[in-house]
Amino acid sequence: MKATPEKPSIDGIEAVWLKNWDAEQTYAFDRSATRENVYSIDTPPPTVSGSLHIGHVFSYTHADVIARYQRMTGKQVFYPMGWDDNGLPTERRVENYFGVRCDPSLPYDPSFSPPEKAPEQKISISRKNFVELCHQLTQADEVVFKDLWRNLGVSIDWTLEYSTISAHAQAISQRGFLEMLKRGEVYSSVAPTLWDVDFRTAVSQAELEDRERPGNYHRVAFKKADGSGSIEIETTRPELLPSCVALVAHPDDERFKPLFGTNVITPLFSVEVPILAHELADPEKGAGIAMICTFGDTTDVTWWRELSLPTRALIGRDGRFLPAEFGSEQFPSTDAPSANAFYAGLEGKTVNQVRASIVEGLTQSGALIGELKPITHPVKFYEKGERPLEIVTSRQWFVATLKHREALLKRGEELSWHPDFMKHRYKSWVEGLNVDWNISRQRFFGVPFPAWYPTDANGTIDFDAPILPELSELPIDPSSDVPKGFSEAQRNQPNGFVGDPDVMDTWATSSLTPQIAGHWGTELFEKIFPMDLRPQAHEIIRTWLFSTVVRSHFQENSLPFKNALISGWVLDPDRKKMSKSVGNVVTPMPLIETHGADALRYWAASGRPGTDTAIDEAQMKIGRRLAIKTLNASKFVLGRLEGITIPSPAEITEPIDRDFIALLANVVNEATAAFNTYDYARALERTEAFFWTFCDNYVELVKTRAYGEGENASEAGTNSARATLAITLSVLQRLLAPFIPFVTEEVWRWWHDGSVHVAPWPVIAELGNVTPSRDSAVYEQVCEVLEAVRREKSTQKVSQKNEVELLKIDGPAELLSAIRNGETDLKNAGGVKAFELNESATLSISVTLTPQS
RNA sequence: GGGCGCUUAGCUCAGUUGGCUAGAGCAGCUGAUUUACACUCAGCAGGUCGGGGGUUCGAGUCCCUCAGCGCCCA
């Protein structure tokens, strides 16, 4: 056995072992492994947005302790790392960081470089220049992220690194799209689409959030077409009056039943619209009768579709009102001249401006009844946006999810969720789907759709006959690549082609992380798919988890992974959610520097799956203490064993040792069972508790005997203690290794050549012929007596080293026999000079201390 | 509006199918201690398990109900 260091320390050991693990390729995935022998992890590729978050540390630690456990059980762990660098977050960051804006109409400027300091007025640059800056910034960010992961001791195989904007990921993503297209699972259509006017892009249902916003009910009178009076409706969006196509009330609403099928005339624009019945109309809301406009919200879209209403959409992609001609077929009007005259003042205006004009017009015409009624109501926003979404009609690619709802729900049932209740998140999301998954984004830094469209002699684009590349050509960019049989000169020309201008939703790519990380189409993929584990946070169940399930269901007719390990959130010390705007975000690197990586991991690993956990530096200090204790206990025990041949567990013969090993066997069983159900926190708790009793009680009891000293010393007794110390230390070092990998590696190497992280996970068979079923409770009963002795010394305020003149114990025969078995150790540990044991029904321990000199 | 989770000691949390006197760590208090311990060890104290009702020989645990907090979905 090697010598233990004189003064071991945990400070600085991270750097030593990181270097060593790199050199030894400790975490390298062996591609020759068979599928049964592989444990594969679908690592979340974090959004590389420049800010590291303590939440990263939290959830990546959870996955890592599982990875380390699996590796020790003998599995080849496929543990890749990805960076989600495409998409809007990167674009926003680049715009602000460099002070630029993408204008796809500009030509590429090879000599462009951004100014040192971001200018106030953003510089317009070409798409290619913009994308170059995106790459530049994300690469720099990725270095910082990687540094954190390494310092945290995440056991990733860095040769498996990928990024979602890489050519490899783009090729996979485009192939995935083409295969869906071939199978008819994706389609393009012109449809009302939720639209962010600031970002100028469509957004999907998964990116929506409701925000409570103040609004006003405007009571507006519509004259009946037959001239018999008027109907009053209430609306929060009077600006949509020119887009009104009908009024709607609940079919059972007695107030309006007689009116169904009759017509009214819109104020200001004199458009005749019907009064219709639909169940989604809420009799309790407003006046109980609403106007349907194309389109104010998603309910309007439902009504429009189910009631087969005409389209009078007027809000453009920039959020401004489009031209309209009243009196035309689309906008019939009984008074076209005044309608057009009024509308002339609205065209090109923003939503707020138009609202003001229309309210004024309604007031003047007397159609606005009474005062405005302020209300608070939920309004749909893009989760990253600042203005309410509009609905515009545009061409988009959709993945058909709605008609597969039942199958997708079944997939959710099939998946093992940790914790189990998280499956409700998935279920309620899938049940609530109301539009197909829109995967088109009118943005720049993303994976382009691999499609061109032919144009006819008039230059009209035929969207129904896309020109598609061969799989071998991928990745392609239709805005710069030319389809086979065409030349660049034919781009955007009659009888030529146009490239699809859009990029894919970021989830359309990251839903293929198993395919990207596992190199779809190669032998490797067969070995890692379906993945064993998907670790992730709960707020992306409806996006990442759901979309991955969708893609895998279509592509492989399978779940993409068997287990989903859902982490909670990290809350600030006041149990508030961390957010940039509140300014309570904690960055992890200083915490690693202060407390050590093991300590930070200890805190993270004590947060159970799915449980929100507050940042707690006190907990990190306890983790640090555990690491230091591991170091010192190992030094002490190994010091007792220095220079001798360590006896094998077969030599564990003393009853107290055998009982202690039985308890150890129970801990091994419990920790293993807990890991197998992804309850790492429980495994840690049990291991840790046992480790402390090992240090404070067992080692204290047997250290004299292990030295071959003290009264009644015997070779058998000494060897039994030595064997117990050695095997227990070995087992505990390994049980702790997934949680505190740096310090356990340090102490393991004091007496082993290889890494603890590829050492075999402890099993009962190692423990000699001891079984978890205990012959007796010798150890616990001896501890109880030891405690009584310590209590007496503490009460008497004397040193624990003070000797005990006489230890008198009255108790049942069974107990006395246990104590006799531990008598020697008790004498050694408690300084007991003499025992007096008497049989009695009740337990009583009397301690007579030797008077202090 | 529907759903999920949480509520146990001052704090952070355990408490597996209902069963010994409800546990741990931290903080607090009282001591001991410097040849494993960038301190460590021992001891003490601290809870009507959110409220109410029910099932049961027995409820922190199961059922009902109410309240508060958080989240998901609509």
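Sequence lines set the chain letters: A, B, ... in the order given, protein chains first and strands last, and positions in each chain run from 1.
Residue contacts for A:Gln619: at a heavy-atom cut-off of 4.0 Å it reaches no nucleic acid atom on any strand shown. A:Trp692 comes within 4.0 angstrom of the backbone, heavy atoms only, and of no base. In this structure, A:Glu539 reaches neither bases nor backbone, as no heavy-atom distance under 4.0 Å exists between it and the strands shown. When heavy atoms are screened at a 4.0 angstrom cut-off, A:Asp696 is found touching the sugar-phosphate backbone but no base atom. If you check every strand for non-hydrogen atoms under 4.0 Å, A:Arg640 touches nothing. A:Ser794 comes within 4.0 angstrom of a base, heavy atoms only.
Here the nucleotide nearest the side chain of A:Asn632, chosen from B:rA36, B:rU12, B:rC73, is B:rA36. Here the side chain of A:Glu685 is nearest to one of B:rC73, B:rA14, B:rC4, namely B:rA14. Nearest nucleotide to the side chain of A:Arg542, out of B:rA36, B:rG43, B:rC73: B:rC73. Nearest to the side-chain atoms of A:Lys797 among the listed nucleotides B:rA42, B:rG3, B:rU30 stands B:rU30. Residue A:Arg682 places its side chain closer to B:rG15 than to any other of B:rG5, B:rG15, B:rC73. Distance from the side chain of A:His538 is smallest to B:rC71 among B:rG25, B:rA42, B:rC71. Set against B:rG15, B:rU33, B:rC4, the side chain of A:Phe421 has B:rC4 as its closest nucleotide.
Between A:Arg211 and A:Glu209 a salt bridge is recorded (basic side-chain N to carboxylate O distance below 4.0 Å). A salt bridge does not link A:Arg790 with A:Glu787: none of the charged nitrogens is closer than 4.0 Å to a carboxylate oxygen.
A:Ile628 places its CD1 atom 11 Å from the C1' atom of B:rU40, with the value rounded to the nearest Å. If you take CG of A:Asp679 and C1' of B:rC13, they are 13 Å apart, rounded to a whole angstrom. Atoms CD (A:Glu787) and C1' (B:rG43) sit 9 Å apart, rounded to a whole Å. Atom CG of A:Asp612 and atom P of B:rC6 are 12 Å apart (whole Å). A:Leu208 has its CG atom 14 Å from the C1' atom of B:rC72, to the nearest Å. Rounded to an integer number of Å, the gap from CH2 of A:Trp569 to C1' of B:rC6 is 14 Å.
A sub-4.0 Å separation between OP1 or OP2 of B:rC41 and a side-chain N or O of A:Lys629 is present. The side chain of A:Arg625 contributes no N or O atom lying less than 4.0 Å from OP1 or OP2 of B:rG25. Residue A:Gln205 places no side-chain N or O under 4.0 Å from the OP1 or OP2 atom of B:rC73. Contact between the side-chain N/O atoms of A:Arg425 and the OP1/OP2 oxygens of B:rG3 is not found at any separation under 4.0 Å. Checking the phosphate oxygens (OP1, OP2) of B:rC73, no side-chain nitrogen or oxygen of A:Asn434 falls inside 4.0 Å.
Separating the C1' atom of B:rU30 from that of B:rC62 is a span of 43 Å, rounded to the nearest Å. Spacing between B:rG53 and B:rC69 at atom P, rounded to whole Å, works out to 24 Å.
Pairing of B:rC44, defined by two Watson-Crick or G-U wobble distances under 3.5 Å, is identified with B:rG28. For B:rA36, there is no paired nucleotide, since no Watson-Crick or G-U wobble pair has both relevant distances below 3.5 Å.
In this structure, A:Phe690 has its ring center at least 6.0 angstrom away from the ring center of A:Tyr698.
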Pair A:Glu414, A:Lys410 - check salt bridge (charged side-chain N to carboxylate O under 4.0 Å, His left out), show working.
CA-CA 6 Å; A:Glu414 241 178 88; A:Lys410 275 201 193 113; over 6 Å; no

